[in-house]
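To start, the structure itself, in C-alpha cells.
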Amino acid sequence: MRIKDLPAHVGEKVTIDGWLYNKRTSGKLQFPIVRDGSGYLQTVVFKKEVSEETWKASDEATQESSVRVTGVVRAEERAPGGVEVGVETFEILSLAAEYPITPKEHGTAFLMDHRHLWLRSSKQHAVLRVRNELEKACRDFFYDRDFVLIDSPILTANAAEGTSTLFETDYFGEKAYLSQSGQLYLEPAAAAFGKVYCFGPTFRAEKSKTRRHLMEFWMIEPEVAFLEFEGLQQLAEEFVEYLVGRAMDRCKEELKTLERDLSKLENVQRPFPRISYRDAIELLAGKGMDVKFGDDIGGDEETVIANSFDRPVIITKYPTAIKAFYMQPDPNDPDVVLGMDMIAPEGYGEIIGGSQRIHDHDLLLERIKQHNLPVEKFQWYLDVRKYGSFPHSGFGMGIERVVAWVSGVPHLRETIPYPRMLNRIYP
Ligand code: 4AD
Ligand code: MG
C-alpha cells in the first residue's frame, strides 16, 4: 500500500514500507512521520497497546531509517493527508547512520554535495514532481495534436547553436560534439511527417555561472512544415498556457508545499503580449538602460521587459547578426529575422527560443559560410532545401526554466535531479 492511497482505506489494516521522516514523542506516545515517496503519514505508537519490541524500534529509529509499519488507518483531520495509522507493529528494516541533512539550515554547497540525499527533502521532492507532471504534459500536448516524436542524436558531427558552447569528444578519430539542440535533425523529419518534436538532453559548455544556466538541460522542440512566423507564436502561447494550467490542476499539493503564489500563474492566459526587438530596445532605453540596436538582450534586460507585463511576453524580430544562422530574414525589414523568444514573468528569463527557418537553399548556404561553419558537415541539412523545400518553423523550450518558474524556485539547480554546472559534476 502507498501512503497517497490511504484515505480510501479508513478502517482497514495496512502495511507501509518507507523511511522515518521525523518523530515527536510525548511520554507514552510516539508520533513517527513516515514517508514513502508518495506522501507523508503520521503514525501513532501507544506504549500500552504495542509490544516492547515495537515500542523500542519506534524509539530507536533514526531519521531516514527504512521502516515497516502495520496498523489501522483512521481519519484524522489534523494529520497530513487527513489520515493517520494506529501502529500495531513497527519494524526497523535498516537503521540509518546519522543523517547529514537535518531540519536546520544548510549552505547551498553542502546541499549540492549531498544532492543524492537532498532529493528526499519535501521541497526538492515537490519540485521534481512538478517536473514530472510538466514533462508528461509536454508529451501529451504534442501527441494529442498529432506530432510525431523524433528522437534526435546526442552525438553529432556539427554545431547547431554557435561553436563557442560545444562539448567536444572523440568519435573514433573524428571530432564529435554533444548535441546543443535537436532542431537540425527535426527539420528533415518535418518533411517526412509534417509535425514532429523531440525531447531530450542537450549540452552547452556555457562559461556562465548564473541561476538560469546549466551545462546539461532537457529541451522540448517542435518543428512544423508549412508553419510560418505568426502560427509559430500562437503554438508557443498555446503550449505554455497548457503547461501552466496542467501544473495548477495536477500539482496542487506540490505548489502548496512550495508556497507558490498561484495568482501569478492564473494570469497565464492567451494572448500573450508581443513586442518587437526594436520596441524592446526603446522600452529599455526609456528606462535608462544603455542599449542600442544590435545589442543582445541579456538577463537583466529581460527582467526589465518582463516586469512591464503580467504574463509571459514574446519578443520578436531580433537583429540578424545576434541570432543563429538558420533564421529566416524578415521580408519587410532585412536587418532582422523572424525569430522569437518568450520571456517568463517574475524574472525567470527566456523560456522559449524559436524562429521561422530559412527555406531558400542558396541563402542558407551563404549563411553557413558567413558563420564559418564547415559546409561539408551541413550537406544533409541543405538537402531539406533541395528536395521540395517548404517554409517551416519551430522552437525550443528548456524544461528546467519552466519548472523553476512554475515552482517559484529561483535557481535552475533545483529543477533537475542531478545538475551539471560550471565547477560541478558531483554527484
Ligand atoms: O534559444 P536556444 O538556444 O534555441 C535553440 O536551441 C533552438 N535550436 C531551438 C529550436 O528552435 N528548436 O534554446 C532554447 C531554450 C531557451 O529558451 C531556454 O529555455 C533553454 O533552451 N536553454 C537553457 N536552459 C538551461 N540552461 C542553458 N544553458 C540553456 N540554454 C538554453
Ligand atoms: Mg535563445
Side-chain angles (χ1 to χ4, degrees), residues 131 134 138 142 147 150 152 156 158-167 177-190 195-224 227 229 232-233 235-236 239-240 243 277 296-299 301-302 306 312-316 318-319 322-328 337-344 348-358 381 392-406 409 411-416 419-422 424:
R131 179 184 174 108
L134 287 174
C138 286
F142 289 113
F147 283 65
I150 298 294
S152 56
T156 67
N158 51 265
E161 293 295 322
T163 49
S164 62
T165 63
L166 286 170
F167 276 111
Y177 311 98
L178 298 183
S179 176
Q180 299 168 303
S181 159
Q183 177 198 325
L184 304 194
Y185 299 94
L186 285 183
E187 292 184 46
K195 302 199 277 183
V196 294
Y197 74 103
C198 64
F199 193 3
T202 46
F203 307 86
R204 306 271 169 103
E206 310 238 23
K207 296 265 157 54
S208 42
K209 208 172 166 183
T210 82
R211 64 191 181 91
R212 294 172 182 167
H213 288 93
L214 295 169
M215 305 301 123
E216 180 177 316
F217 63 97
W218 286 63
M219 182 152 56
I220 180 131
E221 299 177 85
E223 190 71 32
V224 185
L227 185 74
F229 194 47
L232 174 71
Q233 294 171 66
L235 181 67
F239 181 46
V240 169
L243 293 180
Y277 170 90
D296 212 352
I297 297 189
E301 289 83 11
E302 279 172 5
V313 50
I314 296 177
I315 306 178
T316 61
Y318 287 80
I322 61 168
K323 283 293 181 185
F325 72 94
Y326 51 71
M327 293 194 185
Q328 172 77 7
V337 285
L338 300 179
M340 55 155 285
D341 281 356
M342 189 188 290
I343 314 297
Y348 285 93
E350 179 197 323
I351 49 173
I352 282 182
S355 76
Q356 185 167 332
R357 322 302 190 188
I358 292 176
Y381 183 62
H392 57 287
S393 303
F395 64 75
M397 186 192 84
I399 194 77
E400 290 79 13
R401 298 235 180 126
V402 177
V403 174
W405 164 45
V406 169
V409 303
H411 203 298
L412 252 54
R413 65 183 164 226
E414 294 181 37
T415 63
I416 186 165
R420 297 292 172 244
M421 302 185 297
L422 209 59
R424 176 171 295 280

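For this chain, numbers begin at 1 and follow the sequence in order. If you're wondering where the values come from, they're calculated on a predicted model, not measured in any experiment. Note that ligands are numbered from 1 as they come in the structure, with each ligand's atoms numbered from 1 the same way.
E221 places a side-chain N or O within 3.5 Å of a backbone atom of G182 that can act as its donor or acceptor partner. With hydrogens and angles disregarded, no donor-acceptor distance shorter than 3.5 Å links the side chain of E206 to the backbone of M215. Of the possible polar contacts, one joining the T156 side chain to the N158 backbone as a donor-acceptor pair under 3.5 Å is found. Side chain of Q180 to backbone of E161: a donor-acceptor contact under 3.5 angstrom is found. A donor-acceptor pair under 3.5 Å is absent between the side-chain atoms of E414 and the main chain of H411, judged by distance alone. With hydrogens and angles disregarded, a donor-acceptor distance shorter than 3.5 Å links the side chain of R401 to the backbone of E350.
Residue R357 has at least one heavy-atom neighbour below 4.0 Å for each of these atoms of ligand 1: 10 (C), 11 (O), 12 (N). Heavy-atom contacts of I352 reach the following atoms of ligand 1: 17 (O) (cutoff under 4.0 Å). Heavy-atom proximity to L412, at under 4.0 Å, picks out these atoms of ligand 1: 25 (C). For ligand 1, the atoms sitting less than 4.0 Å from at least one non-hydrogen atom of G353 are 1 (O), 9 (C), 10 (C), 11 (O), 17 (O), numbered in the order shown with element in parentheses. Near G398, meaning under 4.0 Å from any of its heavy atoms, are these atoms of ligand 1: 15 (C), 18 (C), 19 (O), 20 (C), 21 (O). Atoms of ligand 1 lying under 4.0 Å from any heavy atom of S181, numbered from 1 in the order shown and given with element: 6 (O), 8 (N).
At least one heavy atom of G394 sits closer than 4.0 Å to an atom of ligand 1. Within the structure, the closest approach of Y326 to ligand 1 falls below 4.0 Å when heavy atoms are considered. Judged by the shortest distance from any of its heavy atoms, R212 lies inside the 4.0 Å radius around the atoms of ligand 1.
With salt bridges taken as basic N to acidic carboxylate O contacts below 4.0 Å, one links R212 and E302. Under 4.0 Å is where a charged nitrogen must lie from a carboxylate oxygen, and between K323 and D296 no such pair does.
Counting only protein N, O or S atoms, the number found under 2.8 Å from the Mg ion (ligand 2) is 1.
Residues S355 and L338 have side chains not in contact (no heavy-atom distance under 4.5 Å, counting atoms from C-beta outward).
Among protein heavy atoms, the minimum distance from atom 14 (C) of ligand 1 is reached at M219 SD, 3.4 Å. What sits closest to atom 31 (C) of ligand 1 on the protein, heavy atoms only, is F217 CZ, 3.4 Å. Summary of contacts: the protein heavy atom closest to atom 19 (O) of ligand 1 is I351 O, 2.9 Å. The protein atom (non-hydrogen) at minimum distance from atom 18 (C) of ligand 1 is R401 NH1, 3.5 Å. For atom 12 (N) of ligand 1, the closest non-hydrogen atom of the protein is E221 OE1, 2.7 Å. Annotation: atom 7 (C) of ligand 1 to nearest protein heavy atom, E161 OE2, 3.3 Å. Of all protein heavy atoms, the one lying nearest to atom 16 (C) of ligand 1 is E350 OE2, 3.2 Å. With respect to atom 3 (O) of ligand 1, the closest heavy atom belonging to the protein is R204 NH1, 2.9 Å.
Selection from L214, L184, T210 by nearest heavy atom to atom 26 (N) of ligand 1 gives L214. When the heavy-atom distances from atom 10 (C) of ligand 1 to S152, A404, G396, G162 are ranked, the shortest goes to G396.
Aromatic rings from F239 and F142 are positioned such that their centres are separated by under 6.0 Å.
Separating the SG atom in C198 from the CD1 atom in I150 is a distance of 9.0 Å, to the nearest 0.5 Å.
Just one residue in the list E187, Q328, Q356 forms a side chain to side chain donor-acceptor pair (under 3.5 Å) with H392, and that residue is E187.
Ring planes of Y318 and Y277: tilted class, angle from 30 to 60°.
Between P222 and I220 the shortest heavy-atom distance is CD-O, 4.0 Å.
For Y326, the ring pair (Phe, Tyr, Trp, His ring centres under 6.0 Å) criterion is met by no residue, not counting sequence neighbours.
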**Request:** Go through the steps to decide whether R413 and T415 satisfy the test side-chain hydrogen bond (donor to acceptor under 3.5 Å, both in side chains), and finish with yes or no.
**Result:** CA-CA 6 Å; R413 65 183 164 226; T415 63; over 6 Å; no

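Checking only distances, S355 never comes within under 3.5 Å of ligand 1, N or O to N or O.
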